[in-house]
4 protein chains.
Amino acid sequence: MPADERRQSLLDVSVRVFAQRGYERTSVAHICKAAGIGRGTFYEYFGSKHDLFRELLGEHARRLLERMEPFYRKGVLPLAGGSVQDLVAARFHEIFAHFREHRDIYNIFLREALAKNAATGDLFRLIQNQQIAVVADELRQAMAIGVIRKFPDATQLATFLLGGVMHVAFKYLIDESAEVDLDALAADVAAMALAALAPAR
Amino acid sequence: MPADERRQSLLDVSVRVFAQRGYERTSVAHICKAAGIGRGTFYEYFGSKHDLFRELLGEHARRLLERMEPFYRKGVLPLAGGSVQDLVAARFHEIFAHFREHRDIYNIFLREALAKNAATGDLFRLIQNQQIAVVADELRQAMAIGVIRKFPDATQLATFLLGGVMHVAFKYLIDESAEVDLDALAADVAAMALAALAPAR
Amino acid sequence: MPADERRQSLLDVSVRVFAQRGYERTSVAHICKAAGIGRGTFYEYFGSKHDLFRELLGEHARRLLERMEPFYRKGVLPLAGGSVQDLVAARFHEIFAHFREHRDIYNIFLREALAKNAATGDLFRLIQNQQIAVVADELRQAMAIGVIRKFPDATQLATFLLGGVMHVAFKYLIDESAEVDLDALAADVAAMALAALAPAR
Amino acid sequence: MPADERRQSLLDVSVRVFAQRGYERTSVAHICKAAGIGRGTFYEYFGSKHDLFRELLGEHARRLLERMEPFYRKGVLPLAGGSVQDLVAARFHEIFAHFREHRDIYNIFLREALAKNAATGDLFRLIQNQQIAVVADELRQAMAIGVIRKFPDATQLATFLLGGVMHVAFKYLIDESAEVDLDALAADVAAMALAALAPAR
DNA sequence: AATGAATGAGGATTCATTCAT
DNA sequence: AATGAATGAATCCTCATTCAT
């Protein structure tokens with residue numbers, strides 16, 4: 001198999017294995033078995049288990065931010081044609097979908113951030129802060145045009161909101177058994193947030 | 001040292017060590033050294049490293065719920081004398097304080113829940129759900145007497161709110177360096193939530 | 001077995017194994033097998049293979065210098081009663097005996113010094129220089145009282161002489177097969193050096 | 001690149017790498033990287049890492065002896081026109097120069113001889129003995145014509161002398177940092193040896 | 001003539017756990 | 001009640017070597 005492919009395959013496979021077993025409990029042998037290669041081959045592509053891990057997180061962090069970017073920037077505000085309702089609903093739907101899709105990597109990230117792996121923690125915080133920043137930015141615009149009520153600290157509000165969303169998502173996503181209609185959930189949470197932010201009539 | 005004391009000391013010591021290094025990276029030797037005992041002694045008190053861990057989580061879960069219980073139940077609603085503002089402020093302050101105090105055990109819990117340790121995950125979810133349940137209960141009462149706006153699903157709202165609070169708390173508590181005035185933070189977040197929940201004028 | 005004993009036994013055993021196979025080609029398993037213990041036990045006593053090695057060299061360096069010290073200082077010069085002949089003969093005999101006894105450790109030392117292990121090389125040079133220093137000191141005294149001819153640089157002469165001795169010793173000691181009458185060899189070399197150093201009649 | 005050239009380039013490159021890192025710590029990958037070839041290519045030219053090593057030592061041994069040969073045989077004794085002083089001085093200078101030039105290969109040789117690699121050790125001893133033999137031969141001639149004092153065992157004397165020279169050389173050559181005026185050193189050592197060997201006036 | 005992908009054997013190290021004292 | 005000596009299974013990693021292209 002060409003080097004690029006093999007490398008990618010290792011990255012892909014290891015996300016699953018790490019998410020399933022956690023970094024510590026995952027041995028290089030586990031990954032190699034899952035990838036269908038000999039143990040030695042692993043080290044042709046990555047200097048160490050931890051190197052792979054770092055690269056994996058880095059890569060996903062980049063992808064994550066890239067994918068978030070256009071979504072947050074997608075124009076949106078000031079409102080072109082759609083209603084605030086549609087907007088918020090779309091946003092929450094997207095966030096939930098994202099969660100579902102990247103459940104594994106989120107799990108890994110969170111776990112390592114909690115474990116205070118210096119490098120990983122920094123990366124995690126970077127992502128978090130960027131997400132918060134773009135949402136805060138939007139909220140500021142929304143407040144400016146009076147679509148939502150005015151709050152004194154947009155960043156804190158963004159933190160609060162994202163936390164709420166994540167928590168709801170977590171509760172349903174942390175265990176794979178509880179399969180939920182994410183679309184409905186997104187709609188519900190959006191409605192709720194909308195009500196909370198709605199300007200006084 | 002009497003057996004009971006020694007046992008308790010081991011539990012106390014291991015919380016710190018586990019929080020610092022994580023379950024996997026903590027060896028029995030680490031715990032024994034921190035507790036100042038020989039490695040053999042450990043097994044006089046606990047059948048295995050994992051046994052100690054289970055017991056530790058169980059014990060803290062019990063304590064946690066016990067301590068939460070009276071606080072949530074403390075009566076509160078319908079409002080005796082204090083304003084809604086005071087109430088919410090008090091609540092958030094308490095939650096933040098709780099975070100700070102039990103940072104270690106929260107960290108352990110969260111990490112293990114994410115690691116999908118069947119037993120630990122269940123415990124974690126139990127705690128989480130109980131917290132959500134009591135908050136949801138209160139919210140329902142508050143809606144009933146019109147102190148806050150009406151929302152269709154109180155449980156989801158509670159989840160959302162607790163998530164928001166936790167997220168703000170996390171952002172500041174995850175790294176020990178960023179020392180923050182928790183009292184001020186609690187006040188800010190309370191104000192924000194209050195505004196969000198306030199009934200239409 | 002008591003810890004002290006085991007520790008010492010490991011040090012003793014490993015000298016032989018290292019000398020036989022060289023540091024690199026000696027595995028911890030080799031040492032453990034030679035010492036009759038399990039592989040894990042090794043790490044109860046030494047942090048790593050290299051730690052053991054360092055300690056081993058350090059310990060022998062200390063012993064070596066200690067044992068050399070009184071020998072070189074044994075008074076000797078200015079000549080009490082014995083002749084120069086006796087003195088030099090005794091000295092060379094001792095050096096040869098020392099070689100034979102510590103053949104292994106000399107081998108290890110020299111090899112590592114050549115391998116430019118920073119730490120080991122420094123140790124080796126220290127020993128060498130000390131040996132040279134004491135011999136140079138004696139030579140200076142001997143020149144002063146006219147027992148040997150005068151040379152301009154005592155240190156260089158000492159280096160030269162010790163090198164000569166070591167080289168002869170090496171030639172016979174490097175391979176274990178060639179068993180030689182060391183006493184006779186010492187006497188021969190002593191006579192030779194003596195003739196070389198003898199003052200002009 | 002033509003096969004012959006590549007082969008030679010591999011030999012040349014590997015001397016440096018082996019001298020720097022030692023045989024054991026040098027991997028085929030190291031050599032290939034230093035030579036700028038793929039790992040597979042190596043085995044087109046040498047059957048194994050050890051094969052290369054053997055060939056390398058053999059080649060250098062041959063060169064070494066060849067270069068020594070004419071020098072030692074260069075006639076010299078009985079004295080044509082020059083003085084004994086000039087002769088000995090020239091000899092020592094040459095030996096020192098040789099050391100400096102072949103520091104790497106000497107290092108490898110010595111290390112392997114000490115490591116008791118059967119094959120390498122034999123080779124090393126062969127070289128050593130040949131050097132000793134030619135010097136002994138010369139000494140015998142010198143004694144015969146009364147240029148130096150008479151010693152009973154010319155071989156042992158040669159061993160002693162070469163050892164002395166090598167030791168002085170070693171002391172300065174073992175670490176690359178201590179840059180020394182080799183010419184001056186050679187002159188000093190020559191004067192010293194000369195004085196030691198000079199016949200009684 | 002060249003190579004890079006693949007690998008398994010081997011070596012250092014960690015660690016939960018046992019057991020005799 | 002305490003312990004420390006002992007261990008083997010498990011894990012990360014290296015590396016000489018093979019082979020299809």
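Labels below follow one simple rule: chain letters A, B, ... track the order of the sequence lines, proteins then strands, and each chain is numbered from 1.
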Whole-Å distance separating the [atom1] atom of [X] from the [atom2] atom of [N]:
X: A:Phe46; N: F:dT14; atom1: CZ; atom2: P; result: 15 Å
X: C:Lys33; N: F:dT7; atom1: NZ; atom2: P; result: 15 Å
X: D:Asp51; N: F:dA16; atom1: CG; atom2: C1'; result: 12 Å
X: B:Met1; N: F:dA2; atom1: CE; atom2: P; result: 8 Å
X: C:Leu52; N: E:dT13; atom1: CG; atom2: C1'; result: 14 Å
X: C:Tyr45; N: F:dG4; atom1: OH; atom2: P; result: 11 Å
X: C:Arg25; N: F:dA16; atom1: CZ; atom2: C1'; result: 15 Å

Under the side-chain contact (heavy atoms from CB on, under 4.5 Å) rule, collect the residues that match up with [X], sequence neighbours excluded.
X: A:Glu24; answer: B:Glu24, B:Arg25
X: C:Thr26; answer: C:Val17, C:Phe18, C:Arg21, C:His30, C:Ile31
X: B:Asp12; answer: B:Gln8
X: A:Ala3; answer: A:Tyr45

Subject >> Watson-Crick or G-U stems of DNA chain E, 3 or more pairs, under 3.5 Å, by first number >> reply: E:2-21 with F:2-21

Subject >> Contacts of B:Arg16 that satisfy side-chain hydrogen bond (donor to acceptor under 3.5 Å, both in side chains) - sequence neighbours left out >> reply: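 Result, side-chain hydrogen bond (donor to acceptor under 3.5 Å, both in side chains) vs B:Arg16: none returned.
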
Original post:
Going 5' to 3' along nucleotides 16-21 of chain E, which nucleotides have protein heavy atoms under 4.0 Å from the base (write B), which only from the sugar-phosphate (write S), and which from neither (write -)?
Top reply: SBB---

**OP:** Name all pairs fulfilling the salt bridge (Lys or Arg N to Asp or Glu O under 4.0 Å) condition that reach into residues 30-42 of chain B, sequence neighbours left out, sorted by first residue then second.
**Re:** B:Arg39-C:Glu44

**OP:** Not counting sequence neighbours, which residues clear ring pair (Phe, Tyr, Trp, His ring centres under 6.0 Å) with D:Phe46? List them please.
**Re:** D:Phe42

